Number of protein chains: 2
Amino acid sequence: MAKTAAKAEFPIGALAKESAVNIETIRYYEKIGVMPKAPRSAGGYRLYAPEHLKWLTFIRRGRELGFSLDELRDLLHLVDGHAYSCAEVRALTLDHVAGIRQKIADLKRLERVMTSVASQCSGRKIPDCPVIDALFQAAPATARSRRSKTRGRYV
Amino acid sequence: MAKTAAKAEFPIGALAKESAVNIETIRYYEKIGVMPKAPRSAGGYRLYAPEHLKWLTFIRRGRELGFSLDELRDLLHLVDGHAYSCAEVRALTLDHVAGIRQKIADLKRLERVMTSVASQCSGRKIPDCPVIDALFQAAPATARSRRSKTRGRYV
DNA sequence: CCTAGACCCTGTAGTGGCTACAGACTCAAG
DNA sequence: CTTGAGTCTGTAGCCACTACAGGGTCTAGG
């Protein structure tokens, strides 16, 4: 446990448990450069320090709040270099909120359509279902269906 | 235009234009069995009839309403065999609506968190941003973060 | 010292729903 | 017969993981 090493190193399994992030995901994060490369033991095991846990927690939280790994990488580089201003970060965040609002609006529209269509269902065993009919009709214009960047289907 | 063929056959490009679905996507749909295999011309071109357009419109609409291709395949097989009851379809639809509501709720929660965090930003150029601080803190329990089936990140 | 078993390693392939290419072929008009 | 638009197949890429296979390492107990 104490050899020549720094304070309190731990292997990837412990980091996974602490952070509630999968081992494979951690390795993946390292591979794509979202997590820094961990130093290795003589046998090739990754060795982590508390900073890594903070870093990973940041990523997990960010993912939960809907940031992409790309965005988080940028954010982390900003933070790591202490070169960020609160205004920068807020701008990024508000951008993000705008995206979320858009998604909520889209989903609400969807909910309205689906509900109204389903409510017309008779429940009888005939091939005359309004849901099916609705699906056979082309959509009315579908405005705003290609927003750059936020191109995910999210549904 | 009229050889020995049936009424009004057209190639994939026309179908793509009519349906507003990409050519590649149509071929992909055929490959994975969501679209039926189209008959071919002597030279190997796919030939489509109006039924195919209806079928594809159904898929596009369904996708816009958030059905997965799997769900649509089932739906289409039901419809194609005329074996569906309106009740069956309604059940599937309402299930779907429930999923949408869940997503809306999640996104609203997200929006609230992000907005409140961003609103605390001073805009000054110091390394003391509440967004960053929030990201460094572990999430509070994160209840309901693993709902089977609806496992997409949707954000 | 040896062994068992828990842990870790790399690399590859799969998920969903497409999109984008390369390189070859077909078709219709001039 | 040529030209150029359209089409063909097959493969690889996107995102953010997840799930293996087939090996190596570490450590506690005998």
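Throughout, a chain's letter reflects where its sequence line sits, starting with A, and its residues are numbered from 1. Only heavy atoms go into these numbers, but all of them, side chains included; no hydrogens, no water, no symmetry mates. Worth saying up front: this structure is predicted, and the values here are computed from it rather than measured.
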Just compare [options] and give me whichever is closest to any side-chain atom of [X].
| X | options | result |
| --- | --- | --- |
| B:I12 | D:dC8, C:dC8, C:dG17 | D:dC8 |
| B:L69 | D:dA16, C:dC18, D:dG24 | C:dC18 |
| B:Y45 | D:dC17, D:dC26, D:dG6 | D:dG6 |
| B:R40 | D:dC17, C:dC9, D:dT9 | D:dT9 |

Mind calculating the distance between [atom1] ([X]) and [atom2] ([N]) to the nearest angstrom?
| X | N | atom1 | atom2 | result |
| --- | --- | --- | --- | --- |
| A:M35 | D:dA16 | CE | C1' | 16 Å |
| A:E71 | D:dC15 | CD | P | 12 Å |
| B:R46 | C:dT26 | CZ | P | 15 Å |
| B:I59 | C:dG16 | CD1 | C1' | 15 Å |
| B:R63 | C:dG16 | CZ | P | 11 Å |
| B:E64 | C:dG17 | CD | C1' | 14 Å |
| B:L72 | C:dG16 | CG | C1' | 13 Å |
| A:E9 | D:dC26 | CD | C1' | 15 Å |

- In chain order, what residues pass the side chain to side chain contact (heavy atoms under 4.5 Å, CB included) check against A:P11, with sequence neighbours excluded? A:A14

- What residues in residues 15-32 of chain A put a non-hydrogen atom under 4.0 Å from any atom of DNA chain C? A:I23, A:R27, A:K31

- Message: Looking at A:H77 and A:D74, would you say the former's side chain and the latter's main chain have a donor-acceptor pair under 3.5 Å?
- Response: no

- Task: Considering only NZ, NE, NH1 and NH2 on the basic side and carboxylate oxygens on the acidic side, decide whether B:R61 and B:E64 come within less than 4.0 Å.
- Result: yes

- Message: For a 4.5 angstrom cut-off between non-hydrogen side-chain atoms, does B:L135 reach B:V117?
- Response: no

- Item | Residues in side chain to side chain donor-acceptor pair (under 3.5 Å) contact with B:R27, at least two apart in sequence or another chain | none

- For the residue pair B:L53 and B:L15, what are the closest heavy atoms and their distance? CA-CD1, 3.7 Å

- Message: As a test of understanding, state which of A:V34, A:L72, A:V21 forms a side chain to side chain contact (heavy atoms under 4.5 Å, CB included) with A:R63.
- Response: A:L72

